[in-house]
Number of protein chains: 2
Amino acid sequence: MVTSFVHGAGPLIRKLERLIRLDDDERRALDQLPLRVATFDPGQEIVRQGDKPQQCVAVLEGFCSASKIVGDGGRQIVSFHIPGDIPDLQSLHVAEMDVSLTALTQTRILLIQHEDARRLCAQSLRITHAFWRETLIAGAIAKEWVVNIGQRDALTRVAHLFCETIARLDVVGLADDYRCHFPVTQEKLGEAMGLSTVHINRTLQELRGRGLISWERGVLEAHRWEDLQQVGDFDPGYLSLAPDWVVLR
Amino acid sequence: MVTSFVHGAGPLIRKLERLIRLDDDERRALDQLPLRVATFDPGQEIVRQGDKPQQCVAVLEGFCSASKIVGDGGRQIVSFHIPGDIPDLQSLHVAEMDVSLTALTQTRILLIQHEDARRLCAQSLRITHAFWRETLIAGAIAKEWVVNIGQRDALTRVAHLFCETIARLDVVGLADDYRCHFPVTQEKLGEAMGLSTVHINRTLQELRGRGLISWERGVLEAHRWEDLQQVGDFDPGYLSLAPDWVVLR
DNA sequence: CGGCCACTTGAAGAGCGTCAACAAAAGTGG
DNA sequence: CCACTTTTGTTGACGCTCTTCAAGTGGCCG
């Protein structure tokens, strides 16, 4: 892990701007936050389950997953994180990490000391609420994952995840015409969906065979968005996409 | 739904005291909150998915579930709520409810107008953080449900839920010697666990047959807590039961 | 007593997991 | 640049967990 000091929380500000409108004071406070940037290679753990971190991380570039290990050695990915996400905001209030964060690609991460984040919250109630809202939306996504894994068959489940991913990436400008980078192996997709790698593979063949998606070398594309949404039983409401969100058609 | 006006947020204060240390000013502010109490019968919906409520609810007595409907008509329960919970705090920040709240038993509910909750947050940053922490723990529980449903077989899954339920009820003094009220039908348990009623029934027989639990007329008892924990692959860490009193100034 | 709801049981089969082998791609070192 | 290794993707066969359907039992309340 290589870190360097930087000033100016550009991407963080853009993220918050999607949650609330910032005034000049708030923007200045954010801009003066002492920040560090760290770079992680694919497969590296950014934070480990059980850690008691003294800082929060925000994803600047790259993709990560949050996962938990179960007794028999299995692993469940409970969320994917994309640029703009602050995956462990919870560590501000819950001492011990309940998940491990792992880089899926080369990833640039912003580190914010808890101390600084708390000072920022004390300075601006609105920023506090913006952070809180961020964690609430993460919770809404987790609930939808419970629904997805609990109720939907493999085909619907995977289609739903693809819709969710494209919709979230679109908001941060990382999906173009239902096409985005989704650098996940079939094994990891299985760990996220509660399915075996073999069954993921067959499910993907079905989705491809129906002409709904292509997914090669980490690039995912939905060919018929409406149909994919329908197959995936996907309604983006739970994502609470920012007010300037343009509804995908 | 019958409502009446009350003053004094006793149970709410007790709940917050578990999240954060309150000072006298804060206790006074809470005590002066204008509150209403509503009573719901079993099966009644308290808030409906898609609603845009102007108030939050806190459970005083009784049990509720939060559930989402999927396209094919199925239902997934994403959480159970017990006295002391504030199941829809999210509505303070996310306009539209992503779940329906349903009373499982006769339930007494405290209603807090958003307006009042917001004023309270503005008065005390520490109360804001306490509410935020409450939602973070709810998120941690949702993540564990993803793990439970995604990775564990029926027996482990149900055992895990029983452990979680007993552990949570114990904190609010509603479990005595691993014995508690758990007024849920097998059908609803199936909706929570992503399993059919038939398979829930057989799983319960297995748990009973192993002498791990009894569950009759809504009263759940763990006979060998340690063994049940082991069968359920249960580690209570994610519940953040021990208040680690994150220092907020 | 009758009706309803929750629980129970059996039988058959679907969906998905596991195992094992192989193919293709991507990384690695000379 | 090529040979090697490792990782990721693909396929077939088989079997287990869980679902579905259908029938039946037991308790509770009007």
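Chain letters run A, B, ... following the sequence lines, proteins first, then strands; residues in each count from 1.
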5'-most contact on DNA chain C (nearest-nucleotide basis), B:Trp215 vs A:Thr203, goes to B:Trp215
Axis-to-axis angle across the helix from C:dC1-D:dG30 to C:dG30-D:dC1, five pairs each end, nearest 10 degrees, ~ 50°
Look at the side-chain N and O atoms of A:Arg208 and state whether any lies under 4.0 Å from the OP1 or OP2 oxygen of D:dG9.
no
Rounded to whole Å, the CG-P distance (A:Asp41 to D:dT7) equals 16 Å
Between CG of A:Asn201 and C1' of D:dG12 the distance, given in whole Å, is 12 Å
Each nucleotide of nucleotides 19-30 of chain D classed B (base within 4.0 Å of a protein heavy atom), S (only sugar-phosphate) or -, in 5' to 3' order, makes BBB---------
Rounded to whole Å, the CD-P distance (A:Gln205 to D:dT10) equals 6 Å
Sorted by chain and number, sequence neighbours left out, side chain to side chain contact (heavy atoms under 4.5 Å, CB included) with B:Tyr178 holds for B:Ile166, B:Ala222, B:Trp225
Residue set satisfying side-chain hydrogen bond (donor to acceptor under 3.5 Å, both in side chains) with B:Glu96, at least two apart, ordered chain then number -> none
Worksheet item: Which part of the nucleic acid, if any, lies within reach of A:Arg152 when heavy atoms closer than 4.0 Å are counted: base, sugar-phosphate only, or nothing?
Response: nothing
Taken to the nearest whole Å, NZ/A:Lys188 to P/D:dT7 is 12 Å
B:Asp153 CG to D:dT17 C1', in whole Å, measures 9 Å
For the CZ atom on B:Arg48, are there more than 12 heavy atoms of other groups (residues, nucleotides or ligands in this structure) within a distance under 6.0 Å?
no
Sorted by chain and residue number, the side-chain hydrogen bond (donor to acceptor under 3.5 Å, both in side chains) partners of A:Arg152 (sequence neighbours excluded) come out as A:Glu144, A:Asn148, A:His160, A:Asp233
Take a 6.0 Å sphere around CD of A:Gln230 and say whether it holds more than 12 heavy atoms from other residues, nucleotides or ligands. no
Rounding to 0.5 Å, atoms CZ (A:Arg179) and OG (A:Ser214) come to a distance of 7.0 Å
If we only count heavy atoms from C-beta on, is the B:Pro83 to B:Leu60 side-chain gap below 4.5 Å? no
Contact span of DNA chain C against chain A, any nucleotide atom under 4.0 Å from a heavy atom, 5' to 3', runs C:dC16 to C:dA26
